[in-house]
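Below: one structure, written as structure tokens.
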Amino acid sequence: MYKVLGMDWSNGDVESVELHDADTAEEANSWVVGYVRHGDMGGYDAINVVAENGYTKSEFTKEFGWSHY
């Protein structure tokens with residue numbers, strides 16, 4: 001199970017909002033592609049795909065695009 005989280009760093013703390021659940025990392029990444037397709041990230045600083053064990057598998061930001069871990 002993977003969670004897609006909207007990350008907000010604007011107030012100096014890291015806050016996250018769960019946006020979507022997916023069975024695989026590929027499904028989660030695909031959902032993110034659709035979510036950010038038109039340049040709108042919902043006001044979040046980053047969109048992260050996080051595995052069930054808590055590790056970030058990938059991150060999308062406007063400045064750097066995709067990062068995969």
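Counting from 1, the numbers follow the sequence of the chain as shown. Because the structure is predicted, anything quoted here is derived from the model rather than measured.
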**OP:** Before giving the answer on side-chain contact (heavy atoms from CB on, under 4.5 Å), spell out for Ile47 and Leu19 the whole-Å C-alpha distance, their side-chain angles and the decisive distance to 0.1 Å.
**Re:** CA-CA 9 Å; Ile47 309 292; Leu19 302 174; 4.0 Å; yes
Original post:
Are Val17 and Leu5 close enough, and set up right, to give a side-chain contact (heavy atoms from CB on, under 4.5 Å), and what steps lead you there?
Top reply: CA-CA 5 Å; Val17 174; Leu5 303 177; over 6 Å; no
**OP:** Start with the C-alpha gap between Val4 and Val32, add the side-chain angles, then the distance that decides, and say whether side-chain contact (heavy atoms from CB on, under 4.5 Å) holds.
**Re:** CA-CA 8 Å; Val4 177; Val32 173; 3.7 Å; yes
Original post:
Passes side-chain contact (heavy atoms from CB on, under 4.5 Å), Asn29 versus Trp66? Steps please.
Top reply: CA-CA 10 Å; Asn29 286 342; Trp66 283 103; 3.6 Å; yes
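Ring geometry for Tyr35 against Tyr44 counts as tilted: the plane angle lies between 30° and 60°, on a 0 to 90° scale.
More than 12 heavy atoms of other residues, nucleotides or ligands shown are found within 6.0 angstrom of OH on Tyr69.
Thr56 is not listed as a side-chain neighbour of Val49, based on a closest heavy-atom distance of 4.5 Å or more.
For Ala22 against Ala28, the heavy-atom pair with the smallest separation is CB-N, 3.6 Å. Taking each heavy atom of His68 and Ser58 in turn, the nearest pair found is ND1-CB, 3.4 Å. Taking all atoms of both residues into account, the shortest heavy-atom contact from Glu27 to Asp21 is OE2-O, 4.3 Å.
Atoms NZ and CD, on Lys3 and Glu52 in that order, are 8.0 Å from each other to the nearest 0.5 Å. Thr24 OG1 to Glu26 CD: the interatomic distance, rounded to the nearest 0.5 Å, is 5.0 Å. Between Lys57 atom NZ and Asn48 atom CG the span is 13.0 Å, to the nearest 0.5 Å.
Cluster membership for Val50 and Val14, using ILVMFWY side-chain heavy atoms within less than 4.5 angstrom, is shared. Tracing side-chain contacts under 4.5 Å through hydrophobic residues (I, L, V, M, F, W, Y), one reaches Val33 starting from Met41; they form part of the same cluster.
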